[in-house]
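In this chain, numbering begins with 1 at the start of the sequence shown.
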Amino acid sequence: MRNKPRHFPTRLFHKVGLLLCAAGGAVAAPAFSVAQDWRDVPSTTTAKVPTENTITIARALDKVTARITELELPQDQEVQFGSLLITARHCQSRPPEEPPETFAFLEIEEQHDQERRRLFTGWMLASSPGLHALEHPVYDVWVIACKTSEPISPSGME
């Protein structure tokens, strides 16, 4: 009789983070769940309120050339990196008095010729880039920070 290989349920951990109790190995309630829409982010009173001028700062690695590029992703605008099309839908950082954390909701597609294929949709956390990462043979993308761009004022007005 052949032993079947045991696969770790990584798909489960992409959907729901679980806490395992050390004593007895019992499963506790979900620690967090990953929202699949940027509007599902839990709101807190101390978090910075995102504005339409929010820019997500991300880094992208081209594994073929070993070059790292810093990307500025304006909210709801598509930015191209190689064959990837990256759209940041939401970016939020905790205030300085709380433990540092930046999280962003990204949509990443790959375009070959006229065909687009969705590779990633979800939250990326700056403190844990491997938790919800883009899985691609050529590119890696991870979130670094959020920043607010200055609104453009008409010339001569201050």
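Dense packing is recorded around CD of Q80, with more than 12 heavy atoms of other residues, nucleotides or ligands lying under 6.0 Å away. Around CZ of R118, the count of heavy atoms belonging to other residues, nucleotides or ligands within 6.0 Å exceeds 12.
Of all the heavy atoms in I144 and A126, the pair that sits closest is O-CB, 3.7 Å. Here the shortest heavy-atom pairing between T56 and A104 reads CG2-CB, 3.9 Å. What you find for A60 and V141 is that their closest heavy atoms are CB-CG2, 4.2 Å. Considering all non-hydrogen atoms of both residues, T102 and C146 come closest at CG2-SG, 3.5 Å. Contact detail for R94 and P99: the closest heavy-atom pair is CD-O, 3.1 Å.
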Decide yes or no on side-chain contact (heavy atoms from CB on, under 4.5 Å) for V138 and E110, but give the supporting numbers first. CA-CA 11 Å; V138 179; E110 185 172 36; over 6 Å; no
Show the numbers, then the answer: is there a side-chain contact (heavy atoms from CB on, under 4.5 Å) between Q77 and T87? CA-CA 6 Å; Q77 293 181 20; T87 306; over 6 Å; no
Run the side-chain contact (heavy atoms from CB on, under 4.5 Å) check on V143 and L106 step by step: do they pass? CA-CA 9 Å; V143 172; L106 300 180; 4.0 Å; yes
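Linking ILVMFWY side-chain heavy atoms closer than 4.5 Å, directly or via other members, places L131 and M124 in two distinct hydrophobic clusters. Under a hydrophobic clustering in which Ile, Leu, Val, Met, Phe, Trp and Tyr are joined whenever their side-chain heavy atoms come within less than 4.5 Å, directly or via other members, I57 and L71 fall into different clusters. Residues L84 and I68 are members of separate hydrophobic clusters, defined by side-chain heavy-atom contacts under 4.5 angstrom among Ile, Leu, Val, Met, Phe, Trp and Tyr.
Note that CD of E135 and CZ of F120 are 9.5 Å apart. Values are rounded to the nearest 0.5 Å. Rounding to the nearest 0.5 angstrom, the gap separating the CG atom in L119 from the OH atom in Y139 is 10.5 Å. Expressed to the nearest 0.5 Å, how far CG of L73 lies from CZ of R89 amounts to 11.5 Å. Remark: R59 CZ to F81 CZ distance equals 12.5 Å, nearest 0.5 Å. The distance from atom CG of L85 to atom CD1 of I108, rounded to the nearest 0.5 Å, is 10.0 Å.
Looking at T121 and E107, their side chains never bring a donor and an acceptor atom within 3.5 Å of each other. Between the side chains of S127 and E101, at least one donor N or O sits under 3.5 Å from an acceptor N or O.
In this structure the side chain of V79 reaches within 4.5 angstrom of the side chain of P74, judged on heavy atoms.
For P129, the side-chain contact (heavy atoms from CB on, under 4.5 Å) test picks out W142, with sequence neighbours left out. Not counting sequence neighbours, the partners of R116 by the side chain to side chain donor-acceptor pair (under 3.5 Å) test are E78, E109. Applying the salt bridge (charged side-chain N to carboxylate O under 4.0 Å, His left out) criterion to D140, with sequence neighbours excluded, gives K63.
Side-chain atoms of D113 never come within 3.5 Å of backbone atoms of E115 as a donor-acceptor pair (strictly under, hydrogens ignored).
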